[in-house]
Amino acid sequence: MILDFHPITVAQAREIATWRYTGHEKQLFMDPYFTAQDGMGALKGPGGCTGFAVCHERALVGLFEFTFVEQVMWIGMALHPALVGRGHGMDLLQQGIDFGRRTFAYTGAFVALAVDASNAPALKLYQKAGFKEESRCGDTISMRLQLT
């Protein structure tokens with residue numbers, strides 16, 4: 001699946017806020033997108049991340065977020081609930097990382113993320129992609145992927 005990444009709009013953030021999941025994540029925390037902007041007018045998400053709406057053939061299919069902490073690219077992602085479990089998570093993950101590396105001229109040695117320990121489907125996806133556990137803090141697992 002070929003994906004297009006665009007700076008998220010308020011309308012897209014509102015649509016994503018309606019997505020509901022079964023299992024671990026019931027809904028996404030989108031409130032910061034409705035109030036926070038950087039100096040250029042771009043919307044900022046949770047923790048000040050930069051969010052991108054992800055589309056396939058003009059349909060909104062995901063969200064990909066980037067945060068930089070101590071020169072490390074941290075990512076977050078969400079796939080439309082109708083696409084979960086259909087093999088599209090790896091497309092979103094790989095294309096999102098590639099997009100972030102190009103867009104932010106990221107040359108770091110690894111990419112990091114945090115995931116809830118009870119989110120088994122996400123953990124399985126990240127491990128399959130090559131992410132390794134770095135640490136745990138409560139129910140949150142920090143993972144990183146070595147880049148080549």
J.: For I2, does its backbone N or O pair with a side-chain atom of H56 as donor and acceptor, under 3.5 Å?
T.: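 Present.
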
J.: Check whether any side-chain heavy atom of L83 sits under 4.5 Å from a side-chain heavy atom of V61, and report yes or no.
T.: yes

J.: Indicate the atoms forming the closest heavy-atom contact of W19 with A78, along with that distance.
T.: CZ3-O, 4.3 Å

J.: Run the ring-centre check on F5 versus F52 and record whether the distance is less than 6.0 Å.
T.: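 Not close enough - the centres of the two rings lie 6.0 Å or further apart.
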
J.: Within the 4.5 Å heavy-atom criterion, are F104 and T50 side-chain neighbours or not?
T.: yes

J.: Closest approach of P32 and G45, non-hydrogen atoms and distance?
T.: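 That would be CB-C, 3.6 Å.
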
J.: Can you find a heavy atom in the side chain of S142 that is under 4.5 Å from one in the side chain of W74?
T.: yes

J.: Counting distance only, does the side-chain N/O of R20 pair as donor-acceptor with the main-chain N or O of A17 below 3.5 Å?
T.: yes

J.: Would you check if M143 and Q127 make a side-chain contact, meaning some heavy-atom pair closer than 4.5 Å?
T.: yes

J.: Which residue, L93, V72, I75, forms the side-chain contact (heavy atoms from CB on, under 4.5 Å) with V111?
T.: I75

J.: Would R144 count as a cation-pi partner of F131, with NZ or CZ less than 6.0 Å from the six-membered ring centre and within 45° of the ring normal?
T.: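 R144 over F131 ring: no.
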
J.: Rounded to the nearest 0.5 Å, how far does CD1 of I8 lie from NZ of K44?
T.: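 So the gap between those two atoms works out to 12.5 Å.
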
J.: Can you check whether D91's main-chain N or O pairs, donor with acceptor, with Q94's side chain at less than 3.5 Å?
T.: no

J.: Enter the distance from Q12:CD to H6:NE2 here, rounded to the nearest 0.5 Å.
T.: 8.0 Å

J.: Is the centre of the F66 ring less than 6.0 Å from the centre of the Y106 ring?
T.: no

J.: Should we count CD of Q71 as having more than 12 external heavy atoms under 6.0 Å?
T.: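 12 or below, so no.
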
J.: Any non-hydrogen side-chain atom of L125 less than 4.5 Å from a side-chain atom of M90?
T.: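 L125 vs M90: side chains touch.
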
J.: Side chains of L123 and V115: closer than 4.5 Å at any heavy-atom pair?
T.: yes

J.: Taking it one step at a time, do E65 and Y33 satisfy side chain to side chain donor-acceptor pair (under 3.5 Å)?
T.: CA-CA 11 Å; E65 300 170 322; Y33 285 109; 2.7 Å; yes

J.: Between the side chains of T18 and E15, is a donor N or O closer than 3.5 angstrom to an acceptor N or O?
T.: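 Side-chain D/A pair, T18 to E15: absent.
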
J.: So do R101 and M73 actually touch side chain to side chain, heavy atoms under 4.5 Å?
T.: yes

J.: For the residue pair L60 and I16, establish whether any side-chain heavy-atom pair is separated by less than 4.5 Å.
T.: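 Answer yes - side chains close enough.
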
J.: Working to the nearest 0.5 Å, report the span between NE2 of H80 and NE2 of H88.
T.: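 The NE2 atom of H80 sits 12.0 Å away from the NE2 atom of H88.
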
J.: Would F64 and F99 count as a close aromatic pair, with their ring centres under 6.0 Å?
T.: no

J.: Quick one: CE on M30 to CG on L63, what's the gap to the nearest 0.5 Å?
T.: 5.0 Å

